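These notes concern the structure reproduced below.
Numbers for residues simply follow the sequence, beginning at 1. Please read all numbers here as calculations on a predicted model, not as lab measurements.
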Amino acid sequence: MEPKVWREMGLTDEEYAKVKELMGREPNFLEIGVFSVMWSEHCSYKTSKPILKNFPTKGPQVLQGPGENAGIVDIGDNLAVVFKMESHNHPSAIEPYQGAATGVGGILRDVFTMGARPVAVLDALRFGPLDEGNNKYLFSGVVGGIGGYGNSIGIPTVGGDVYFHSSYSGNPLVNAMAVGLLEHRHIAKGVASGVGNPVMVVGARTGRDGIHGATFASVELSEESESKRSAVQVGDPFMEKLLMEACLELIQADALVGIQDMGAAGLTSSSSEMAGRGNSGIEMDLSLVPRRETGMTPYEIMLSESQERMLVVPKAGREKEVEEVLNRWGLEATVVGRVTGDGMLRLLEDGKMVAEIPVKALTEEAPVYHRPSREPQYYQELKGISMEGFKMKDSVENVLLALLANPTIASKEWVYRQYDHQVGTNTAVVPGGDAGVLRVRGTKKGIAMTTDCNSRYVYLDPYIGGALAVVEAAQNIACVGAKPLAITDCLNFGNPEKPEIFWQFEQACAGVAEACRVLETPVTGGNVSLYNETPGMAVYPTPMIGMIGLLEDLDLVLCNHIKTEGEQIYLLGELEGELAGSEYLAMFENLEAGALPELNLKNIKEILTFLLKLNGKGLLTAAHDISEGGLAVALAEMTVQYGASVNLETADKLKALFGERLGRILISTTKGNAAKIESLAHQAGVSLRHLGESGGKTLTIMVNGSKCLDVSLDKYRPVFERTIRNIMNSDN
């Protein structure tokens with residue numbers, strides 16, 4: 001066979017030689033295709049596997065860690081949360097609506113294939129500046145796709161985050177997280193076992209959309225990418241709703257041995273991975289697979305990524321029951337093969353053998369690369385740039401208003417107003433809070449969830465930045481009153497074959513791992529998305545963190561804004577931040593540089609523990625973490641309903657107002673509880689400063705007794721709330 005055949009499918013010459021060695025012969029065209037998708041970066045993790053082994057994955061709360069379709073954590077009362085995050089970056093760059101929509105569909109299937117009913121979706125999005133190129137078009141299409149799919153299926157989108165940076169121009173990041181609830185007894189697995197058990201394809205018919213989607217996700221975007229629209233799937237949320245209900249009914253009836261979504265690599269990955277987990281084999285006759293297009297070849301059937309499909313292995317003798325349940329929901333269920341005991345993936349067409357591959361060759365024998373790693377030249381250069389000597393570029397009021405108008409900081413109301421975040425009537429904290437919160441019916445519990453990552457921090461210092469992505473997620477979870485439990489991740493990086501990119505990847509993962517160990521939030525699974533590059537530019541390294549937290553008593557849920565006059569405002573943590581990596585430095589000095597503040601995870605954990613202790617005693621009225629933009633921005637966000645007057649004692653007004661440092665949280669309390677909080681902070685040895693109190697319709701900030709800001713709520717609230725809406729509604 002010509003070398004161009006396997007090269008075009010994404011296999012290197014060395015990988016093709018290994019395929020021949022494992023097969024003991026020359027593979028045919030179909031077999032090469034099967035290997036190419038299973039050995040793609042997207043499916044095999046051949047570059048990331050050595051690094052991911054360093055993640056902490058165990059804990060008393062973890063019921064299922066990495067290796068299944070989604071992670072599971074225990075929340076007591078025989079209940080568990082299932083959650084996972086995945087990327088759909090490249091498809092969304094080509095077809096933003098369908099790319100985002102099918103990303104939501106795929107992550108929902110990962111959750112309900114575990115036996116859980118999905119209860120929430122979160123979206124973590126990264127785009128280039130809205131005034132450049134086609135970023136506005138991509139942003140609009142992606143938001144429309146997320147809303148269109150999630151709203152149609154009836155799953156609320158309750159949180160997420162959106163950042164804008166030039167590194168994402170042309171290669172947006174579209175990461176979706178889904179969360180589900182189940183009883184322990186209904187946990188399902190993606191396993192094929194029991195020799196002779198039938199193998200069934202259920203749900204939608206197979207078409208030609210999405211062929212080689214996994215391979216498409218494992219290369220850089222280029223000018224030719226536009227021609228690969230066939231690698232982008234087309235979703236049908238209404239069929240997904242029917243499929244979800246049918247699958248949950250079968251799982252709860254205990255009718256299945258195993259079930260798996262046909263996600264990346266479609267029938268190829270679902271069959272080989274299920275057989276691999278079951279230490280078994282699978283034989284299928286592809287002529288039996290229901291198709292919606294005529295003339296499809298075995299190659300197209302195996303590599304199609306058509307949406308809304310599942311592969312199931314019913315218990316012996318219950319295939320008729322499976323068929324009846326699917327039919328009742330208006331869906332097809334077809335026996336296409338059986339489980340075997342010889343460890344082979346055997347494919348037939350009209351009874352004739354067309355492929356025969358050892359399952360382990362696909363799932364366990366994929367090459368593992370230990371890529372060369374080299375510290376980028378920019379790292380020490382940018383780290384060495386002094387942050388001293390910078391002066392406030394404008395008045396405090398103008399700086400604050402400019403930061404609030406920065407689309408990365410400004411309210412994302414334009415986005416979440418397009419989502420149904422109340423469907424299901426379980427949403428306790430809607431988008432706009434520090435984290436989304438859903439009530440768990442039948443209990444007093446609430447589940448908190450968030451997605452976070454400041455990629456500028458990761459670019460400037462991948463280790464500290466990776467750790468801070470976990471820290472910011474934990475802060476947001478704690479600020480709604482919940483205890484952080486565990487994370488899922490979506491690791492978005494450039495081309496790992498470039499030593500500088502791989503260095504970013506391994507350093508950031510090391511930082512994530514360390515923060516998870518200290519904060520006791522193990523990694524339950526996730527996704528690696530590499531090759532996020534357009535010609536000449538990689539995206540900023542973006543290890544997106546999705547975190548789950550538990551609120552034992554929903555009556556103690558916290559909001560992130562002042563609700564009444566006279567509330568006492570305190571700061572937990574250091575007063576001053578740093579200019580390194582700050583939004584101020586980027587906006588007013590056109591500079592992304594500096595050494596990030598030294599990381600003290602133990603201290604941050606103590607602050608979060610203290611925050612939860614105060615809330616557990618019912619002493620808090622609100623809490624809000626200080627992140628992008630610094631203290632002044634956080635105060636403005638916290639006072640969008642009632643103003644406040646605060647005083648800061650500091651030697652550096654710029655760093656105090658607009659410097660950034662995680663591990664700082666604004667809290668408020670009633671006057672009657674202020675003394676209790678101060679006493680508890682003294683006993684715990686936690687840094688606590690009284691800043692002022694709420695009241696009026698202005699935000700007044702004094703520095704060392706001198707007024708430096710006195711801006712009305714009517715002036716800064718519209719800037720914060722309407723910036724993105726105005727941009728998206730403009731004709732430019």
Side-chain angles (χ1 to χ4, degrees), residues 1-49 87 89-91 93-94 170-171 208-233 264-269 272 296-305 345 347 354-358 360-372 493-499 501-502 505 528-536 538:
M1 196 170 288
E2 291 292 323
K4 69 175 184 179
V5 173
W6 61 79
R7 291 173 187 168
E8 287 177 356
M9 291 187 192
L11 290 174
T12 66
D13 292 349
E14 293 77 16
E15 289 171 344
Y16 181 70
K18 184 173 182 180
V19 168
K20 288 198 298 183
E21 178 187 336
L22 291 168
M23 295 281 286
R25 59 175 171 81
E26 291 271 354
N28 61 33
F29 185 83
L30 171 57
E31 290 165 339
I32 295 173
V34 169
F35 271 101
S36 72
V37 291
M38 289 304 295
W39 284 14
S40 69
E41 185 66 52
H42 192 79
C43 292
S44 73
Y45 294 84
K46 57 190 176 185
T47 291
S48 56
K49 194 176 289 185
S87 63
N89 303 337
H90 287 183
I94 304 301
N171 195 137
R208 288 189 170 95
D209 54 320
I211 292 174
H212 265 295
T215 308
F216 176 50
S218 303
V219 294
E220 295 178 25
L221 288 173
S222 65
E223 292 180 4
E224 289 75 43
S225 295
E226 186 70 17
S227 66
K228 297 183 178 179
R229 287 179 178 268
S230 63
V232 181
Q233 309 96 321
L267 188 53
T268 294
S269 62
S272 55
M296 289 188 70
T297 65
Y299 176 91
E300 292 172 322
I301 294 168
M302 286 301 292
L303 271 63
S304 167
E305 294 184 10
L345 177 64
L347 307 176
V354 291
E356 191 174 24
I357 307 172
K360 299 295 185 185
L362 297 171
T363 60
E364 295 183 10
E365 298 295 337
V368 175
Y369 294 119
H370 298 268
R371 303 282 189 192
F493 290 79
N495 185 344
E497 297 167 42
K498 300 174 181 178
I501 298 292
F502 189 72
F505 177 71
V528 178
S529 176
L530 303 177
Y531 299 94
N532 287 292
E533 299 200 12
T534 47

Please name the pair of heavy atoms, one in [X] and one in [Y], separated by the smallest distance, quoted to 0.1 Å.
{"X": "Val19", "Y": "Pro27", "value": "CG1-CG, 3.8 Å"}
{"X": "Pro358", "Y": "Met23", "value": "CD-SD, 4.0 Å"}
{"X": "Tyr299", "Y": "Met9", "value": "CE1-CE, 3.7 Å"}
{"X": "Cys43", "Y": "Ala265", "value": "SG-CB, 3.9 Å"}

Are a donor atom and an acceptor atom from the side chains of [X] and [Y] found within less than 3.5 Å of each other?
{"X": "Asn89", "Y": "Ser529", "result": "yes"}
{"X": "Glu26", "Y": "Tyr16", "result": "yes"}
{"X": "Glu497", "Y": "Tyr369", "result": "no"}

Test Glu305 against Arg208 for salt bridge (charged side-chain N to carboxylate O under 4.0 Å, His left out), laying out the working first. CA-CA 8 Å; Glu305 294 184 10; Arg208 288 189 170 95; over 6 Å; no
Are the side chains of [X] and [Y] in touch, meaning some heavy atoms are under 4.5 Å apart?
{"X": "Ile301", "Y": "Leu267", "answer": "yes"}
{"X": "Val37", "Y": "Met302", "answer": "no"}
{"X": "Trp6", "Y": "Asp13", "answer": "yes"}
{"X": "Leu347", "Y": "Glu356", "answer": "no"}
{"X": "Ile501", "Y": "Glu533", "answer": "yes"}
{"X": "Val368", "Y": "His370", "answer": "yes"}
{"X": "Met38", "Y": "Ser44", "answer": "no"}

Give the intermediate values and the outcome of side-chain contact (heavy atoms from CB on, under 4.5 Å) for residues Glu31 and Val354. CA-CA 8 Å; Glu31 290 165 339; Val354 291; over 6 Å; no
Value rounded to 0.5 Å, distance of NZ in Lys18 from OG1 in Thr12: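 Here the interatomic distance stands at 10.5 Å.
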Kindly determine whether Arg7 and Glu15 satisfy salt bridge (charged side-chain N to carboxylate O under 4.0 Å, His left out), including the steps that lead there. CA-CA 10 Å; Arg7 291 173 187 168; Glu15 289 171 344; over 6 Å; no
For Leu530 and Asn495, run side-chain contact (heavy atoms from CB on, under 4.5 Å): C-alpha distance rounded to whole Å, both residues' side-chain angles, the deciding distance at 0.1 Å, then the answer. CA-CA 6 Å; Leu530 303 177; Asn495 185 344; over 6 Å; no
Quick one, Leu362 with Ile357, criterion side-chain contact (heavy atoms from CB on, under 4.5 Å). Give me CA distance, side-chain angles, the key distance, then yes/no. CA-CA 8 Å; Leu362 297 171; Ile357 307 172; 3.8 Å; yes
Parallel, tilted or perpendicular for Trp39 and Phe35, by the 30°/60° rule?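 Aromatic pair Trp39/Phe35 classed perpendicular.
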Could you tell me how the ring of Phe493 sits relative to the ring of Phe505: parallel (under 30°), tilted (30 to 60°) or perpendicular (over 60°)?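 Rings of Phe493 and Phe505: perpendicular, as their planes differ by over 60°.
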Taking it one step at a time, do Glu8 and Lys4 satisfy salt bridge (charged side-chain N to carboxylate O under 4.0 Å, His left out)? CA-CA 6 Å; Glu8 287 177 356; Lys4 69 175 184 179; 5.4 Å; no
Under 3.5 Å donor-acceptor, His42 side chain and Val528 backbone: no
Would you check, one step at a time, whether the test side-chain contact (heavy atoms from CB on, under 4.5 Å) holds for Arg25 with Lys20? CA-CA 5 Å; Arg25 59 175 171 81; Lys20 288 198 298 183; over 6 Å; no
